[in-house]
Amino acid sequence: MSTTESPAASNSKGEAIDGAKAARIKVEPYPHHVRIECNGQTIADTRRAWLLIETWAPDIYVPAEDVQTALFSPSETRTYCPYKAGHASHVNARIGGKTVADVGWRYDEPADRPEIKGLYAFTFAKVSIFVDGKLVRGHVRDPHKIITVEPLGRRLRLEMAGKMIVDSNNVQVLYETGLPARYYVPPADVAVDYLTPSSRQSVCTYKGEAVYHHVRVGDELSENAIWAYNEPWLDFSPDVARIKGHFGIFTSVFDRFLLDDEEQEVDDSTRQSDRGALARPTVDKELQSKMSGGA
């Protein structure tokens, strides 16, 4: 299939093909030692993995020869991906007398991605993935991602229900590939009387674990509108040290957004990104255990 096909295209079976998204997929060798565990048992161990970068969370694909396929049995689940133009067969795993349903999948005939034909990928929430001996948190990293942080050099003000919640001349802007710019301000520049702690925590594979705060002004409440990385991870981008302990802000939830004295409009892509982050924060097994008192 040509990667210039329109999103309305279909294959010979009449199945939809999203050519625009297919064109953005990257498939490349992954030059790392990958080990994958399920319920404490190694089910894959390879130095011949491939990385498929499709959305915000890449997937690692492993040759069948490096997978403990004797532990697998066919699942009834089959899915179709309009980006790879192929059907995925899912597998269950029998480990320690217990069945883990739909632990992984493989494409036997991915029309547009021959590199992953017959290789196995795994459901992140059901396995533990180690890359070069280090446990992957949040999701597998995209090696092409770039994160930089720099001073804004302008005054940022954010209002809600007529109250000034943020007023800062010390703003740090975090730029991250594929996401809108995020503003981070010192706690001293936030009207903390309008904040209440949230029980939400999330994990970013590039920046670390975040804690959240609600913003309440009278009867108006914006849940989890502000967050902070109190101990950010610096191994992916040392720049992230600049936002340590600062408050990050979903600008789209505020009534007024001003830079210097200029009113700003939040664009649709930022609103969509904010809604997605608010609705589906990333939480992995390690963070779930910590939040429940298991760690």
Side-chain angles (χ1 to χ4, degrees), residues 7 16 18 20-21 24-25 53-59 81-83 123-125 137-142 145-149 152 156-166 168 171-185 190-191 194-229 232 240 243 246-259 262-284 287-288 291:
D18 191 332
K21 288 189 177 181
R24 294 195 293 269
I25 292 176
I53 304 170
E54 177 179 340
T55 59
W56 61 277
D59 285 313
C81 176
Y83 321 140
T123 305
F124 191 86
R137 298 286 312 279
H139 59 78
V140 176
R141 286 176 169 176
D142 178 349
K145 172 89 70 173
I146 297 174
I147 295 176
T148 59
V149 182
L152 176 64
L156 169 68
R157 288 181 289 166
L158 296 166
E159 290 185 11
M160 182 180 292
K163 300 295 183 181
M164 190 69 67
I165 308 302
V166 175
S168 181
V171 184
Q172 298 289 330
V173 189
L174 186 144
Y175 299 99
E176 180 173 346
T177 307
L179 292 174
R182 298 297 190 194
Y183 300 105
Y184 286 81
V185 302
V190 178
Y194 295 108
L195 305 189
T196 56
S198 168
S199 61
R200 171 176 288 185
Q201 297 180 48
S202 66
V203 60
C204 169
T205 191
Y206 308 103
K207 299 187 289 289
E209 294 181 8
V211 295
Y212 290 77
H213 301 269
H214 308 312
V215 179
R216 182 185 291 278
V217 182
D219 294 332
E220 188 167 343
L221 173 68
S222 288
E223 295 184 339
N224 304 304
I226 288 178
W227 70 92
Y229 292 99
V240 176
I243 65 167
H246 284 46
F247 285 142
I249 303 155
F250 289 119
T251 53
S252 66
V253 308
F254 290 86
D255 302 328
R256 296 189 72 201
F257 168 23
L258 298 98
L259 291 178
E262 299 176 10
E263 197 91 27
Q264 305 294 310
E265 290 291 334
V266 179
D267 59 46
D268 289 341
S269 63
T270 297
R271 291 185 184 279
Q272 183 177 356
S273 179
D274 289 358
R275 285 195 297 268
L278 284 164
R280 299 182 300 277
T282 304
V283 181
D284 64 7
L287 183 55
Q288 285 176 334
M291 292 167 64

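Nothing fancy with the numbering, it's 1 onward along the sequence.
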I25 CD1 to C81 SG distance, which is reported to the nearest 0.5 Å: 6.0 Å

Using side-chain contact (heavy atoms from CB on, under 4.5 Å) as the criterion, list what pairs up with D59, not counting sequence neighbours. Y61, W105

Would a 4.5 Å heavy-atom cut-off, applied to side chains only, mark L259 and L156 as touching? yes

Atom CG in L179, atom NZ in K145: separation rounded to 0.5 Å? 5.0 Å

Side chain to side chain contact (heavy atoms under 4.5 Å, CB included) for F247 and L195? Distances and angles first, verdict last. CA-CA 11 Å; F247 285 142; L195 305 189; 4.0 Å; yes

I'd like to know if D274 pairs up with R182 as an ion pair, taking the criterion as any Lys NZ or Arg NE/NH1/NH2 lying under 4.0 Å from an Asp or Glu carboxylate oxygen. yes

Within a radius of less than 6.0 Å around CZ of F254, do more than 12 heavy atoms belonging to other residues, nucleotides or ligands occur? yes

Can you tell me how far CD1 of I147 sits from NZ of K207, rounded to the nearest 0.5 angstrom? 5.0 Å

When the ring planes of F250 and W227 are compared, do they come out parallel, tilted or perpendicular, using 30° and 60° as the limits? tilted

Once you round to the nearest 0.5 Å, how far does CD of Q172 lie from OG1 of T148? 11.0 Å

Can you name the nearest heavy-atom pair linking G208 to Y229, along with the distance? O-CE2, 3.3 Å

Got more than 12 heavy atoms from elsewhere within 6.0 Å of CD1, I146? no

Here the gap from H213 atom NE2 to E223 atom CD, rounded to the nearest 0.5 Å, amounts to 14.5 Å

Presence of salt bridge, E209 and R137, under 4.0 angstrom: yes

Would you name the heavy atoms of Y194 and I165 that are closest together and state the gap between them? CD1-CD1, 3.7 Å

Crowded around E265 CD? As in, over 12 foreign heavy atoms under 6.0 Å? no

Verify, without hydrogens or angle tests, whether H214 (side chain) and N224 (backbone) share a donor-acceptor contact under 3.5 angstrom. yes

Which heavy atom of M160 sits nearest a heavy atom of S222, and at what distance? CE-OG, 3.3 Å

Kindly check if the number of other-residue, nucleotide or ligand heavy atoms within 6.0 Å of CD (E220) is above 12? yes

Check the orientation of Y183 and F257. Use parallel for under 30°, tilted for 30 to 60°, and perpendicular for over 60°. perpendicular

If you take all heavy atoms of S202 and V283, which pair is closest and at what distance? CA-CG2, 4.4 Å

Exam field: side chain R141 to backbone T205, donor-acceptor pair closer than 3.5 Å: yes

Greater than 12 external heavy atoms within 6.0 Å of K163's NZ: no

In Å and rounded to the nearest 0.5 Å, what is the CD to CD distance from Q201 to Q288? 11.5 Å

Testing the basics here: between Y206 and V140, what is the closest heavy-atom pair and its distance to 0.1 Å? OH-O, 4.4 Å

In short, T282 meets G138 closest at the heavy-atom pair CG2-O, 3.7 Å

Are any of the side-chain heavy atoms of R256 and E263 separated by less than 4.5 Å? yes

T177 vs D142, test: side chain to side chain contact (heavy atoms under 4.5 Å, CB included). Steps then yes/no. CA-CA 10 Å; T177 307; D142 178 349; over 6 Å; no

